[in-house]
Amino acid sequence: MEVLERYLNVGWPDDAPTRAAITFELLHTLPAQLDDARKRIYDDIERPLSAVLARMEVRGVRLDADYLRAQSEVMGGRIAALEQDIQRHAGHEFSVSSRDQLEKVLYDELNLESGKKTKLTGKRSTAVSALEPLRDEHPIIPALLEYRELSKLKGTYLDPLPALINPRTGRLHTTFAQASVATGRLSSLNPNLQNIPIRSEAGREIRKGFIADPGFCLISADYSQIELRLLAHISGDEAMQQAFTSGADIHRRTASQVLGVMEELVTPSQRRAAKTVNFGVLYGMSAHRLGNDLGIGYAEANRFIEAYFAVYPGIRAYIERTLAFGREQGYVETLYGRRRYVPELKASNRTMREAGERVAYNMPIQGTAADIIKVAMVRLDERLSALGARLLLQVHDELLVEAPEGQTDEIAALMQELMEGAASLSVPLSVEVGAGPNWYDTK
DNA sequence: TAGATTACGGGG
DNA sequence: CACGCCCCGTAATCTA
């Protein structure tokens, strides 16, 4: 425990009472040493939030265990059939869930063309991204892809979740880690309720198992495109701010501007390309990766990115300004002053340094989004309690609430108003709200 | 046998 | 040549 060494000059004791006493000691030693901005983050956000999170953990969320177990049965049958199918295509039995055995079957026995290699050991990859190009090459591939998807859902969600229901409360209780993510986000563990499937229909069905208490309904409220809105605000880029202020569809607007096409004429694939770039720019995506994702050449991807920065010049300026600040100060920070130290910015190894740069200009955006939803949670908690409603989960940009059936509309409206007003920026924040008997039906 | 490592894949 | 940010959980496999 470095913190103890540094601030109290003691090691981490073995016995629980002394550990508790020392932790308590830290609780008044550390906050007193914070400077202004950091003290405000602690006093106004993190300390009150810890009480909100504690109540959310204790409250838990109701699960329809019978539904999830039934889904698991169905899926188990399908997985077994797929396994037979896969082994028939291979010509012999093998452990389909072993990537090492699968590697030999695909690339040595069936002589399929291996593409990607694994990162650390250089084996021939069997990941989805490596199998997808082979989809039409052999009927074993689509069977494998479905097997992978379904066994993931069964093994990670359908089977473990019902077994984790607390017999005393009859509900499922996660733990939120408040100080483990470098950007200021929360994380959720044991079980992780921040990665419940939504993208595929088969996965999304799992959300039907998250249900409201009798007499209550679930309300989900989502910040839409909060990170891009923050990029517009923090960078000061006027074109991007204008897009949000005028209520435009940001991806359509981007495609229109970058490609020089009227908005009404933007095709779905052009909009998809713009969406990929809008998100990719936050992560520092290379032209190489973009070209891959869009199925276009490296050179064309490069032109696309250049055109993007020409349309939104403030974004490149933000990146440069943030990197200069980070090299100078050794850290970068959010709008509220939450810091992340990034010593890699001074690394002599280029790969390490560039990785540090991506981290550095992403953190203020991701971290400010985390700050804002935390503020919203602290403010919402009291208002909701007074109305007999309660916060259940935070999934980064989304809050899930359980509300008395009679007051659903009123509470949904309150959530939207309060979340949109959690910060005042040069662009509006937008929150989408939905209600239903289960999580699936809130969207 | 337990813990660590690796590959993989679920979410924002 | 490199090659997209932040997490957590599972299963297979390796290592102490």
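In what follows, every chain begins at residue 1, and chains take the letters A, B, ... in the order their sequences are listed.
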Over all strands shown, is [X] touching base, sugar-phosphate only, or nothing at heavy-atom distances under 4.0 angstrom?
{"X": "A:Ile196", "result": "sugar-phosphate"}
{"X": "A:Leu282", "result": "nothing"}
{"X": "A:Ile198", "result": "sugar-phosphate"}
{"X": "A:Ala177", "result": "nothing"}
{"X": "A:Asp100", "result": "sugar-phosphate"}
{"X": "A:Thr121", "result": "sugar-phosphate"}
{"X": "A:Asn349", "result": "nothing"}

Report the distance from atom [atom1] of [X] to atom [atom2] of [N], rounded to the nearest whole Å.
{"X": "A:Gln101", "N": "B:dA7", "atom1": "CD", "atom2": "P", "value": "16 Å"}
{"X": "A:Glu103", "N": "C:dA12", "atom1": "CD", "atom2": "P", "value": "16 Å"}
{"X": "A:Tyr157", "N": "C:dG9", "atom1": "OH", "atom2": "P", "value": "10 Å"}
{"X": "A:Arg207", "N": "B:dG10", "atom1": "CZ", "atom2": "C1'", "value": "10 Å"}
{"X": "A:Tyr283", "N": "C:dA2", "atom1": "OH", "atom2": "C1'", "value": "21 Å"}
{"X": "A:Leu393", "N": "B:dG12", "atom1": "CG", "atom2": "P", "value": "13 Å"}
{"X": "A:Arg124", "N": "B:dC8", "atom1": "CZ", "atom2": "C1'", "value": "17 Å"}
{"X": "A:Tyr361", "N": "C:dC6", "atom1": "OH", "atom2": "P", "value": "11 Å"}

Kindly indicate whether the side chain of [X] and the base of [N] share any N or O donor-acceptor pair separated by less than 3.5 Å?
{"X": "A:Arg185", "N": "C:dC6", "answer": "yes"}
{"X": "A:Lys152", "N": "B:dG9", "answer": "yes"}
{"X": "A:Arg148", "N": "B:dG10", "answer": "no"}

Would you say a side-chain N or O of [X] is under 4.0 Å from OP1 or OP2 of [N]?
{"X": "A:Ser98", "N": "C:dT13", "answer": "yes"}
{"X": "A:Thr183", "N": "C:dC7", "answer": "no"}
{"X": "A:Ser125", "N": "B:dC8", "answer": "yes"}
{"X": "A:Arg99", "N": "B:dA7", "answer": "no"}
{"X": "A:Ser97", "N": "C:dA12", "answer": "yes"}
{"X": "A:Arg340", "N": "C:dC6", "answer": "yes"}
{"X": "A:Asn190", "N": "C:dG9", "answer": "yes"}
{"X": "A:Thr156", "N": "C:dT10", "answer": "no"}

Toward the 5' end of DNA chain C, which comes first, A:His396 or A:Glu354, by nearest nucleotide?
->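 Nearest-nucleotide comparison on DNA chain C picks A:Glu354.
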
Backbone N/O of A:Gly184 and side chain of A:Lys374: donor-acceptor pair under 3.5 Å |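 Such a contact is found between A:Lys374 side chain and A:Gly184 backbone.
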
Quick one: does A:Tyr361's side chain have a donor or acceptor within less than 3.5 Å of a partner on A:Val332's backbone?
->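 No, because the side chain of A:Tyr361 does not come within donor-acceptor range (under 3.5 Å) of the backbone of A:Val332.
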
Please measure how far the C1' atom in B:dG9 lies from the corresponding atom in C:dC1, and state the result in whole Å.
->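 My reading of the C1' atoms in B:dG9 and C:dC1 gives 28 Å.
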
P atom, C:dC3 versus B:dA7: distance in rounded Å?
->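 Roughly 15 Å separates the two P atoms.
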
Can the ring centres of A:Tyr331 and A:Phe325 be said to be less than 6.0 Å apart?
->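 Between A:Phe325 and A:Tyr331, which both carry aromatic rings, the centre distance is below 6.0 Å.
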
Within the 6.0 Å centroid threshold, strictly below: A:His233 and A:Tyr318 =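 Between A:His233 and A:Tyr318, the centre distance exceeds or equals 6.0 Å.
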
State which of [options] makes the closest approach to the side chain of [X].
{"X": "A:Gln366", "options": "C:dC5, C:dC8, B:dG9", "answer": "C:dC5"}
{"X": "A:Leu189", "options": "C:dC8, C:dT10, B:dG9", "answer": "C:dC8"}
{"X": "A:Arg199", "options": "B:dC8, C:dC7, B:dG11", "answer": "B:dG11"}
{"X": "A:Asn195", "options": "C:dC7, B:dG11, B:dT6", "answer": "B:dG11"}
{"X": "A:Glu149", "options": "B:dG10, B:dT6, C:dA12", "answer": "B:dG10"}
{"X": "A:Arg350", "options": "C:dC8, C:dC1, C:dC3", "answer": "C:dC1"}

With under 30° as parallel and over 60° as perpendicular, where do the rings of A:His89 and A:His138 fit, or are they tilted in between?
->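 If you compare the ring of A:His89 with that of A:His138, the planes turn out perpendicular.
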
Is the A:Tyr308 ring parallel, tilted or perpendicular to the A:Tyr312 ring (thresholds 30°, 60°)?
->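 Plane angle over 60°, so perpendicular.
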
Distance-only donor-acceptor check, side chains A:Ser125 and A:Lys117, under 3.5 Å |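 Not at all, the side chains of A:Ser125 and A:Lys117 share no donor-acceptor pair under 3.5 Å.
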
Flag side-chain contact, heavy atom, 4.5 Å: A:Leu193 against A:Phe176 =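 A:Leu193 does not reach A:Phe176 side chain to side chain.
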
